[in-house]
Amino acid sequence: MALIVQKYGGTSVGSAERIKAVADRVIRWKEKGNNIIVVVSAMSGETNRLLDLIAQLSDNGSARESDVVVSTGEQVTMGLLSLALEAKGCAACSYTGTQVKILTDSAYSKARILSIDENNLRADLNQGKVIVVAGFQGVDETGSITTLGRGGSDTTAVALAVALNANECQIYTDVDGVYTTDPRVVRNARHIPKLALEEMLEMASQGSKVLQIRAVEFAHKYDMPIRVLSSFDEGDNGKSTLVTREEDIMEKVLVRGVAFNRDEAQLTISGVPDQPGVAYKILSPIADANIEIDMIVQNVSSDGSTDFTFTVHRNDYDQAHGIICQLADNLRARECGGNKNIAKVSIVGVGMRSHAGVARTMFETLGKENINIRMISTSEIKVSVVIDEKYLELAVRSLHEGFGLDKEQQVLVD
Ligand code: ASP
Ligand code: MG
């Protein structure tokens, strides 16, 4: 018997009607002779509502108690879906993260999974039950409830699929897969039937919101294919995107997609002495404040001093700005500054590995549109640029067209 893990996101379980539709779908898959584990998100809007309540009662209260509150959304859904399944004559059993024993570290609100106890789940599967697991949550060594970060139900699903050696991990959402870019920005963005886990990893870290980054990291690490599907498709044969190992993809395209992110902000400390240890002195207080840094650029020095620029999440901008301005004095830097109104645009594709000239085409395309590039960073299969936020849409549209992503026949590489 095949084992399938299915995850349903917030909109897919957003009402009693939607939950009934999920129950019908689960039963269809079960009747085809599969064992099914379902992972559920909180009903749409619920996690935000809980976070809002927390914010009304506490400025920076205990992270432990916040996780106790935000984790409840998923518990409601898992119970409701189990009830819906039972009402339709399908035996089901629900589990919180603690009941499964999804053991995590104690980094509340962004905990990492350490291990999963599969024994209880196996016993219930053997009795023919559908298992419904609350996504997004786990338990630490001391028995405290933890949560896995926004969008963390994706990670729960992938982790369960890996732990139980599932045949497939299906992520049901409100779109029928991954597109060449966000269709809300580029109307003729194209559906991607199959892409490499590594490409998805870059797309997710560069701003594509379809799958949570950590989930893709997990899937990539353990070679677990993910299928993204829409729970709003009537039947079970609608479009989907398979995110799988690079070896399993016949068509290698030069550029798979254009991702973007408006959530970043740029900080610059200029005229710092060009001496060993300076980068460390600038970045370590930022890291100590638990602020994640994305891009880092340091200029070649001309007069014994250099400029240092990096980007952080926009929510961390004020704090990071405070830190570097304080440093500027100590380091005898010329000045510190920054910009909140930036955006990052990236092109991603495994084809870039073997083909030069992609960056040139990107810069040429942006230049023709008169879009100034503020920062550039590259990896083997990605080129990212930071630009003024007001040009974001124009940049995404022109790159999408410039790389032929709107065409049926894409540029293939061998
Ligand atoms: N409910 C959580 C969130 O909204 C986790 C999830 O849906 O994956 O982020
Ligand atoms: Mg989600």
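Every number for a ligand or one of its atoms is a count from 1 in the order of the listing. The first residue in the sequence is number 1, and the count goes up from there.
Neither the backbone nor the side chain of Gln212 has any atom closer than 4.0 Å to an atom of ligand 1 (non-hydrogen atoms only).
Residues that satisfy the disulfide (SG to SG under 2.5 Å) test with Cys336, not counting sequence neighbours, are Cys325. Applying the ring pair (Phe, Tyr, Trp, His ring centres under 6.0 Å) test to His220 and every residue at least two apart in sequence or in another chain returns nothing.
Open room surrounds CG on Asn237; 12 or fewer heavy atoms of other groups in view lie less than 6.0 Å from it.
Heavy atoms of Gly152 approach ligand 1 to within less than 4.0 angstrom.
Less than 4.0 angstrom separates some heavy atom of Arg150 from each of these atoms of ligand 1: 3 (C), 4 (O), 9 (O). Heavy-atom contacts of Ser41 reach the following atoms of ligand 1: 6 (C), 7 (O), 8 (O) (cutoff under 4.0 Å). The distance from ligand 1 to the heavy atoms of Ser153 drops below 4.0 Å at these ligand atoms: 5 (C), 6 (C), 7 (O), 8 (O). The Gly151 neighbourhood of ligand 1 comprises atoms 3 (C), 5 (C), 6 (C), 8 (O), 9 (O), with distances under 4.0 Å to a heavy atom of that residue.
Note that CD1 of Ile286 is 12.5 Å distant from CD of Glu292, once rounded to the nearest 0.5 Å.
Annotation: cation-pi geometry not satisfied between Arg112 and Phe218 (NZ/CZ under 6.0 angstrom from ring centroid, within 45° of ring axis).
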